[in-house]
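In what follows, a structure is listed as structure tokens, so that the remarks can point back to it.
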Amino acid sequence: MLDRNILLALYARLSESYGPQHWWPAQTPFEVMLGAILTQNTAWKNVERAVDNLREASSLNLPMLLQLDVNVLAELIRPSGYYKLKAQRLKNLCAWLEKMGGMEKLSVLQTTELRDSLLSVNGVGPETADDILLYAFDRPVFVIDTYTRRLLQRLNLITGDEDYDLLRAAFESALGADYRLFNEYHALIVRHAKQKCSLAENSSADTCNHCYVETGNSVFKPLEKAR
DNA sequence: TACCAGGAGAAAA
DNA sequence: TTTTCTCATGGT
């Protein structure tokens with residue numbers, strides 16, 4: 001479904017444009033897990049405020065979060081939006097982590113088993129689970145988010161309404177199981193999505209010169225201007 | 001003022 | 001089974 005050479009050419013173009021991204025922006029795997037919940041449909045800036053509040057309250061660890069009252073937790077993470085909902089989701093994730101025996105026990109599970117277990121937690125959907133698998137557990141799982149769909153859609157590589165797991169499998173099949181590549185690739189897609197294209201912004205042009213991707217025998221159509 | 005941001009789950013159709 | 005609704009703060 002997705003061509004390996006085209007995906008590698010796109011990666012090369014993004015990498016040349018933006019350089020190393022050093023993802024995930026967190027200090028520990030546990031912090032990655034919390035951030036994955038907090039960033040659901042939310043700007044990362046607001047997630048940082050919530051994480052800062054947790055750190056200042058010495059609550060950026062499993063024992064504290066387990067005993068913290070859900071309403072107190074909600075107030076701490078308020079800047080991230082959906083704060084009552086996300087407070088309960090963080091509680092669910094922490095309870096699951098405790099039940100499963102902690103990060104060490106989880107790290108020996110097979111990826112599919114770990115993924116299924118994550119998806120059993122209320123509040124952890126496919127993208128959140130894959131964020132955690134890739135960035136907290138170094139598993140070769142490709143994260144599909146709205147940015148990924150938008151970029152591939154503009155390159156006319158997908159229609160945009162493909163099933164999540166189908167699209168994820170297409171990336172993994174085309175690129176092979178390489179968690180370091182997946183880590184950087186997704187980070188670059190997000191980086192690119194946040195880029196304000198000077199060409200598109202400063203002229204009447206409806207294309208972005210970051211987004212031409214040339215391969216040996218094909219050239220992508222340029223991306224359409226962001227809406 | 002209106003729209004958007006690194007989704008997910010429940011309810012309705 | 002598929003579509004629609006709800007959750008919410010902060011920036012532009």
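Every chain is numbered from 1, with letters handed out A, B, ... down the list of sequences. The basis for the numbers below is simple: all heavy atoms, side chains too, and nothing from hydrogens, waters or symmetry mates.
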Separation of A:Gln40 atom CD from C:dT6 atom P, in whole Å? 19 Å
A:Asp131 CG to B:dA8 P, straight-line distance once rounded to whole Å: 8 Å
Check against side chain to side chain donor-acceptor pair (under 3.5 Å), A:Asn71 and A:Glu75: CA-CA 6 Å; A:Asn71 297 308; A:Glu75 285 307 313; over 6 Å; no
Looking at every strand, decide which applies to A:Lys84 at a 4.0 Å heavy-atom threshold: base, sugar-phosphate, or nothing. sugar-phosphate
With A:Asp130 as partner, the option from A:Leu133, A:Ile132, A:Leu134 fulfilling side chain to side chain contact (heavy atoms under 4.5 Å, CB included) is A:Leu133
With the threshold set at 4.0 Å, does a side-chain nitrogen-carboxylate oxygen contact exist between A:Asp52 and A:Arg55? yes
Is it true that the side chains of A:Thr128 and A:Asp131 contain a donor and an acceptor less than 3.5 Å apart? no
Distance, C1' atom - from B:dG9 to C:dG10, rounded to whole angstrom: 24 Å
What is the distance, rounded to the nearest whole Å, between atom CZ of A:Arg149 and atom P of B:dG7? 11 Å
Starting from P on B:dG7, measure out to CH2 on A:Trp44 and report it in whole angstrom. 12 Å
Is there a side-chain contact between A:Thr146 and the phosphate of B:dG7, meaning an N or O under 4.0 Å from OP1 or OP2? yes
Whether A:Tyr185 and A:Phe171 hold their rings parallel, tilted or perpendicular, with breakpoints at 30° and 60°: perpendicular
CG of A:Asp145 versus P of B:dC4: gap in Å, rounded? 17 Å
Closest to the A:Glu127 side chain, choosing from C:dT9, B:dA5, B:dG7: B:dG7
Quick one: A:Leu85 CG to C:dC7 C1', roughly how many Å, whole number? 5 Å
OP1 or OP2 of B:dA8 under 4.0 Å from side-chain N/O of A:Thr128: yes
If I take atom OH in residue A:Tyr82 and atom P in nucleotide B:dG7, what distance separates them, rounded to the nearest angstrom? 9 Å
Between C:dC5 and B:dC4, how many Å separate the two P atoms, rounded to a whole number? 16 Å
Hey, does the side chain of A:Tyr164 reach the backbone of A:Ile144 with a donor-acceptor pair shorter than 3.5 angstrom? yes
For the side chain of A:Lys91 and the backbone of A:Leu68, is there at least one donor-acceptor N/O pair under 3.5 Å apart? yes
Verify the contact: side-chain N or O of A:Arg49 to OP1 or OP2 of C:dA8, cut-off strictly under 4.0 Å; return yes or no. no
Rounded to the Å, how far apart are A:Glu48 CD and C:dG10 P? 14 Å
Taking N or O atoms only and anything under 3.5 Å, show me the protein contacts with nucleotides 9-13 of chain B, one pair per line.
unit_1: B:dG9; atom_1: OP1; unit_2: A:Gly123; atom_2: N; d: 2.7
unit_1: B:dG9; atom_1: OP1; unit_2: A:Val124; atom_2: N; d: 3.4
unit_1: B:dA10; atom_1: OP1; unit_2: A:Asn122; atom_2: ND2; d: 3.3

